[in-house]
2 protein chains.
Amino acid sequence: MKRRSTPTKEAVIAVLNASTRAMSQEAIEQKIEIEIDRATVYRALNQFCTDGIIHKIVADDGKQYFAVCKKCDVEALPDNHFHFRCTKCHTIECLSSLINFSLPKAYAVEKFNCVLVGTCGNCA
Amino acid sequence: MKRRSTPTKEAVIAVLNASTRAMSQEAIEQKIEIEIDRATVYRALNQFCTDGIIHKIVADDGKQYFAVCKKCDVEALPDNHFHFRCTKCHTIECLSSLINFSLPKAYAVEKFNCVLVGTCGNCA
DNA sequence: TTATTATTGCGATTATGTTGCAATAATACA
DNA sequence: TGTATTATTGCAACATAATCGCAATAATAA
């Protein structure tokens, strides 16, 4: 399916580009000036995920968070880094440290969803 | 609050003890012989979590999974290991490999929620 | 056996995310 | 520029997971 550039999609990606943190749909919607329906935001986010422009993290609070793929090596394994969820300021951050692990034989990893939970530097 | 031993709680913990995998509420309910209300199962599970008997993983499908703490060093950091979610057999497994990470200064980790997603040995 | 109160089942509720559908608007092309 | 095509949107409805209030029940201590 071809992509079209729309005010909605530009607003969503602009907010994510301006953020150093991963954001929930709710947080994104609050940052956007214009009124956009929830479903539309989710559709834009899912499309960006499909296109490899952003990635999705599901945190231990069960919610989806989205962040632009800055350091993600999509060619290799997507999203191969830890995330940090701060329980005080309610943000999720992409950490630079890569994920090292060892797997039993014949196991194959396709993607990662790794979140460390605690308090971040700002809140310490 | 004092704890009471009830058929429900015994059934729930028995199912988890007999399983090598982490299980969702739904899966647990299916394994139990007697009829137990969903809310009751969740209440038992949350109580076990509070008491440090089991731990909870939220997978990238947004669902909660529960497993008995066998190797968990609750004294140190709880749940300090990776989990593996197989997209074919829909199970979640506790891996033995511990989580190594480096954090920016002043960050403090309280708990982990790390899931690797792919296909497990049985399904390869 | 009785009193206390933890636990249960039921229904209702919350929250997050998705989907169907008709209306709208971005793009390509004559 | 005007027109056709179809991606996108908004709205409402839906789906699912998990929680909560409350009255009834049952485990424990005395």
Side-chain angles (χ1 to χ4, degrees), chain A residues 1-16 22-51 53-67 83 85 87 90-92 113 115 117, chain B residues 1-16 22-51 53-67 83 85 87 90-92 113 115 117:
Chain A
M1 214 193 258
K2 282 172 199 160
R3 303 306 189 203
R4 289 180 184 173
S5 139
T6 65
T8 294
K9 291 205 263 180
E10 279 166 29
V12 168
I13 200 67
V15 166
L16 285 180
M23 300 174 77
S24 66
Q25 172 273 326
E26 194 192 0
I28 293 169
E29 203 172 307
Q30 286 175 353
K31 274 279 178 186
I32 293 179
E33 313 280 326
I34 55 179
E35 275 279 323
I36 306 179
D37 187 75
R38 198 163 39 115
T40 306
V41 173
Y42 274 115
R43 276 188 280 233
L45 290 168
N46 287 331
Q47 196 175 88
F48 289 142
C49 282
T50 301
D51 297 349
I53 297 168
I54 66 176
H55 64 257
K56 181 199 291 189
I57 311 112
V58 178
D60 59 315
D61 59 3
K63 291 206 286 186
Q64 301 180 351
Y65 293 82
F66 302 87
H83 299 85
R85 182 167 80 86
T87 53
H90 305 290
T91 64
I92 293 206
N113 196 82
V115 183
V117 184
Chain B
M1 215 192 255
K2 280 172 200 161
R3 303 304 188 203
R4 289 180 185 174
S5 139
T6 65
T8 294
K9 292 205 261 180
E10 278 165 30
V12 168
I13 200 67
V15 166
L16 285 180
M23 300 174 76
S24 65
Q25 173 272 326
E26 193 191 0
I28 293 168
E29 202 170 308
Q30 285 174 354
K31 274 279 177 185
I32 293 180
E33 313 281 326
I34 54 178
E35 276 280 324
I36 306 179
D37 187 74
R38 200 161 34 114
T40 306
V41 174
Y42 275 115
R43 276 187 280 232
L45 289 168
N46 286 331
Q47 195 173 88
F48 289 143
C49 282
T50 302
D51 296 349
I53 296 167
I54 66 178
H55 65 256
K56 180 199 290 188
I57 310 112
V58 178
D60 58 315
D61 59 3
K63 291 206 285 186
Q64 301 180 351
Y65 293 81
F66 302 86
H83 299 86
R85 181 167 80 87
T87 54
H90 304 290
T91 63
I92 294 205
N113 195 83
V115 183
V117 184

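When reading the values below, keep in mind they use all heavy atoms of this one structure, side chains included, and skip hydrogens, waters and symmetry mates. Chain letters run A, B, ... following the sequence lines, proteins first, then strands; residues in each count from 1.
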Student: All N/O contacts under 3.5 Å from nucleotides 18-21 of chain D to the protein, with atom names and distances to one decimal?
Tutor:
unit_1	atom_1	unit_2	atom_2	d
D:dA18	OP1	B:Gln64	N	2.5
D:dA18	OP2	B:Tyr42	OH	2.2
D:dA18	O5'	B:Tyr42	OH	3.1
D:dA18	N7	B:Arg38	NH1	2.8
D:dT19	OP2	B:Asn46	ND2	3.3
D:dG21	O6	B:Arg43	NH1	3.4

Student: For residues A:Ala59 and A:Ile92, report the shortest heavy-atom separation together with the two atoms involved.
Tutor: CB-CD1, 3.5 Å

Student: Any side-chain N or O of A:Thr8 below 4.0 angstrom from OP1/OP2 of D:dT9?
Tutor: yes

Student: In sequence, state the C-alpha distance, the side-chain angles, and the governing distance for A:Val12 and A:Phe48, and then conclude on side chain to side chain contact (heavy atoms under 4.5 Å, CB included).
Tutor: CA-CA 10 Å; A:Val12 168; A:Phe48 289 142; 4.0 Å; yes

Student: Who passes side chain to side chain donor-acceptor pair (under 3.5 Å) against A:Asp61, sequence neighbours left out?
Tutor: A:Tyr65

Student: For residues B:Val15 and B:Ile32, report the shortest heavy-atom separation together with the two atoms involved.
Tutor: CG2-CG1, 3.7 Å

Student: Sequence neighbours left out, cut at 3.5 Å: what donor-acceptor pairs do the side chains of residues 23-30 of chain A make with other protein atoms?
Tutor:
unit_1	atom_1	unit_2	atom_2	d
A:Ser24	OG	A:Ala27	N	3.2
A:Gln25	NE2	A:Glu29	OE1	2.2

Student: So which atom in B:Val58 and which in A:Gly62 form the shortest heavy-atom distance, rounded to 0.1 Å?
Tutor: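 For B:Val58 and A:Gly62, the tightest heavy-atom pair comes out as CG1-CA, 3.9 Å.
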
Student: Are the side chains of A:Lys56 and A:Asn113 in touch, meaning some heavy atoms are under 4.5 Å apart?
Tutor: no

Student: For the CD atom of A:Gln64 and the SG atom of A:Cys49, what is their distance to the nearest 0.5 Å?
Tutor: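 Interatomic distance, A:Gln64 CD to A:Cys49 SG, rounded to 0.5 Å: 8.0 Å.
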
Student: Would you mind classifying the nucleic acid contact of A:Thr40 as base, sugar-phosphate or nothing, using non-hydrogen atoms under 4.0 angstrom?
Tutor: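 The answer is base, as A:Thr40 lies within the cut-off (heavy atoms under 4.0 Å) of a base atom.
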
Student: Between B:Phe66 and B:Leu16, what is the shortest heavy-atom contact and its length?
Tutor: O-CD2, 3.5 Å

Student: Does anything in residues 27-34 of chain B reach DNA chain D, meaning a heavy atom under 4.0 Å, and if so which residues?
Tutor: none

Student: What integer distance in Å separates A:Arg3:CZ from D:dT9:P?
Tutor: 11 Å

Student: Could you go over nucleotides 3-5 of chain D and give all protein N or O partners under 3.5 Å, atom names and distances?
Tutor:
none

Student: Could you go through the side chain to side chain contact (heavy atoms under 4.5 Å, CB included) check for A:Arg85 and A:Lys63 one step at a time?
Tutor: CA-CA 12 Å; A:Arg85 182 167 80 86; A:Lys63 291 206 286 186; over 6 Å; no

Student: Name each donor-acceptor pair under 3.5 Å that joins a side chain in residues 1-10 of chain B to protein atoms two or more places apart or in another chain, with its distance.
Tutor:
unit_1	atom_1	unit_2	atom_2	d
B:Arg3	NE	B:Asp51	OD2	3.0
B:Arg3	NH2	B:Asp51	OD1	2.9
B:Ser5	OG	B:Glu10	OE2	2.6
B:Thr6	OG1	B:Lys9	N	3.2
B:Lys9	NZ	B:Arg4	O	2.9
B:Lys9	NZ	B:Gln47	OE1	2.6

Student: Going 5' to 3' along DNA chain C, which nucleotides are the first and last within contact of chain A (any atom under 4.0 Å from a heavy atom)?
Tutor: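 Reading along DNA chain C, I get C:dT16 to C:dT27.
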
Student: Between atom CD in B:Glu26 and atom P in D:dT16, what is the gap in whole Å?
Tutor: 10 Å

Student: B:Thr6 or A:Ile36: which one's nearest nucleotide on DNA chain D is closer to the 5' end?
Tutor: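 Per heavy-atom nearest nucleotide, the more 5' residue is A:Ile36.
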
Student: Could you work out how much the helix from C:dT1-D:dA30 to C:dA30-D:dT1 bends, comparing the axis of its first five pairs with that of its last five, to 10°?
Tutor: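 Result, rounded to 10 degrees: 30°.
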
Student: What closest approach, in Å, do A:Ile57 and A:Ala22 show between heavy atoms, and which atom pair accounts for it?
Tutor: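 Of all heavy-atom pairs spanning A:Ile57 and A:Ala22, the closest is CD1-CB, 3.9 Å.
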
Student: Can you give each donor-acceptor pair under 3.5 Å made by side-chain atoms of residues 34-44 of chain A, sequence neighbours left out, with the distance rounded to 0.1 Å?
Tutor:
unit_1	atom_1	unit_2	atom_2	d
A:Asp37	OD2	A:Ala39	N	3.0

